[in-house]
Amino acid sequence: MTNIANILFPMPISEGFDYQIPQGMELGIGDFVYVPFGKTTRIGVVWGLGNIPPKDIALKDIISKSSTPPLAPDVLKFVDWAAKYLVTYRGSILGHVLRPQDAQADGPFIKKVIRGPITRTRLTESQEKVVLILWQDDYMPLTRTELAQCAGVSVAIIATLIKKEILAEISVSVDAPFATPKALPSKTELNPAQLAAKNEIAAAAIEKKFTPFLLDGVTGSGKTEVYLEAIADILAKDTQAQILIMLPEIALTQTIISRISERFGIIPAEWHHDLGASQKRRVWRRINDGNAQIIIGARSSVFLPFKNLRLIIIDEEHDTSYKQEDGLRYHARDMAIVRAKFANAAIVMASATPSLETRNNALTQKYRHLVLANRFGSAVLPNIELVNLKDYPPPKDHWISPILREEIANTLHRNEQVLLFLNRRGFAPVVLCSRCGHKMTSPETDSWLVEHKYNNTLVCHLTGYTIPKPDNCPECHGFQTLVSIGPGVERIAEEAKELFPKKVIEVLSSDTANDPKKLRELIDKMENHEIDILIGTQITAKGHNFPFLTLVGVVDGDLGLKGGDPRASERTYQLLTQVAGRAGRAELRGKAIIQTYYPENEAFQALLNQDRDGFLQIETEMRAATGFPPFGRLANLQLMAKSDAAIEKACEIVSNALIAAEGVEVWGPAPPPIALVRGWRRRRYLVRADRNVDISAFMLAWRKKFKLPPEVRVIIDIDPYSFL
Ligand code: ADP
């Protein structure tokens, strides 16, 4: 007879604790239970069940079982796997699954009124009004107050009816269920390529066959349409199916929510950091009990407790915001693939510029490659032009070249819109003293302060440190000797205003659109042609459809190429393709002008010749030659300490613990480009391993071999994407 249960808690532990199961309590794996833990009571998850002879038991009893439905077996399997892969505690991964933590407890409940056991007696006129509501075919349980309001009677009438047992009251969760998606008739007729793609995706999901797809098509080729129709097919066959649509930016959520509402007549559940605690609890519970069926989520949605996950969509799969860079370091796309595998679900990675890794998996037939070749309707891709800044330099302290300026003027003359793209917030990235050369930096951090003119501050984008811009140089005290070096979006806006003083010019960055409402307002203004020139950072690059935008000017194409990131060219190519794709989405042909000092760079040449696959081939060969992903594996081990002596000592200990392993190379310790953050000294080891090496196991073995003082922090990052 099963009499003990191993209970795992959402805390930094790898193994659960054993508890005795009281007589008569039925438990299954994945159940939520209340147990004594130290001096408190905690909720944990039943991770294992076993049996030991009663005389050997000296364990505490489980207190009770929560009414929350158990976690599905594939969720538990995923937790075990992710902890191993990411070299972290199993309990920490569980902590990501059980978010928010109050969602697993019983309650809070609310009383709702339903039909009672006694059907009909003589009723007063007011009582009759109430009964009429609850005896409708599609009645819903309501609270006393709601019901009284609907019937236009006093709450006392409801109380009387309950007493007479014509009505009854039940306790239900305060977290209202989500409406069931309806298969409204489709308004689109898919073209043959779309139809084939849709059928394959739907079939795999319905057959419960883990199948990864790359849905490869330029912006506007109808990828979203394909997966919406696939979802419709799946829901028609499996009314309990759950579908997760992951987006890289919450700014894109509104568009997809509208399309889902139109297609399925419901507001889907959302999951991202902007939700309040009670909204999160509702979504979590309604996913865990299988009620929420279509979920739009940011990267952390990969940890949600689905019951019947049939399909995951990773929109813009190449986007690096899927990689979480602090706390638990994980790549949501890669986690989602494993999640889909354990759930026997289909997974669609959609992109116009697939990551090299995903494309390689498609070429080697690990993923099914679904290609949508053309833009839908009459829209065509924009013409791309490169402007060599060496030949056509802008005037001193200006950044718009004469060629770009002329194109802007022509575009505005035709009453069309312009987007100037510069992936740099603020007014100027560097502020220094023209007299003594002092650079304004962030305290105890290797980072320059960025000037923001709209609120006259200097801001550290790394730590958030902010000061009002001083009048005097803090070093030599020279009055107004501080000068701004280089451009940010605000400065480009100033230049544009100087050139086109009569035009409406707006800046779109995370500073000017710092909440979803402001962002929506600016996007709406742009869509409605109330803006002539929009100056934007990367948040303008994604997903939006501006019908009158025909010119995109990339102010500094070279920006992303700097720094030691092995994916720099690939990212530049992806970002610029996306930005350029904003031009000419409707009937008007678009143009994109990229200003660069290195027009010969292969990323720019590929853009110019619209030769994505040729570019990816060159990049792939380079990665293959160096054994970088996807031809090898990478991991980072980072150390952080508050003093030079402590960091040097830590490096010595960690280096000494290094074990040689076949197919593994370790570089470091080396200071990363930003070696000091908030007083923390940083050092890094970069580990490269052959594909067949279990790099997680190697990292774990290494980690176990050294012991550092508690004031030294150790961070392990499997598949790192940031090299700063
Ligand atoms: P993507 O996701 O690849 O950017 P979308 O699915 O958003 O593309 O499609 C671009 C536009 O074309 C949308 O307005 C969409 O409604 C329309 N569209 C796509 N496929 C069809 C189709 N088969 N019939 C009619 N309109 C379509």
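One is the number of the first residue; the rest follow in order along the sequence. These numbers come from the heavy atoms of this one structure, side chains and all, not from hydrogens, waters or symmetry mates. Both ligands and their constituent atoms are indexed starting at 1 by order of listing. Because the structure is predicted, anything quoted here is derived from the model rather than measured.
Considering backbone and side-chain N/O atoms, Thr188 never comes within less than 3.5 Å of an N/O atom of ligand 1.
Against a heavy-atom cut-off of under 4.0 Å, Gly222 is close to the following atoms of ligand 1: 1 (P), 3 (O), 5 (P), 6 (O), 8 (O), 9 (O), 19 (C). Remark: ligand 1 atoms within the under-4.0 Å shell around heavy atoms of Leu190 are 23 (N).
For the side chain to side chain donor-acceptor pair (under 3.5 Å) condition, the pairs that include at least one residue of residues 199-213, sequence neighbours left out, are Glu200-Arg368.
Relative ring orientation between Phe342 and Phe78 is described as perpendicular, the plane-to-plane angle rising above 60° on a 0-90° scale split at 30° and 60°.
For the side-chain contact (heavy atoms from CB on, under 4.5 Å) test, residues two or more places apart in sequence or in another chain that qualify with Arg571 are Thr320, Asp565, Arg567, Gln574, Tyr721.
The pair Glu570-Arg623 meets the salt-bridge criterion, since a charged nitrogen lies less than 4.0 angstrom from a carboxylate oxygen. The residues Lys198 and Glu225 are annotated as not salt-bridged, no charged nitrogen and carboxylate oxygen being separated by less than 4.0 angstrom.
The one candidate from Leu370, Ile312, Ile245, Leu311 that meets the side chain to side chain contact (heavy atoms under 4.5 Å, CB included) condition with Val348 is Leu311.
The proximity of Glu189 to ligand 1, defined as any non-hydrogen pair under 4.0 Å, is limited to the backbone. Under 4.0 Å from ligand 1, the heavy atoms of Val218 that appear belong solely to its backbone.
Put simply, no part of Gly217 is less than 4.0 Å from ligand 1, judged by heavy atoms. The closest approach between Arg259 and ligand 1 falls below 4.0 Å for a heavy atom of the residue.
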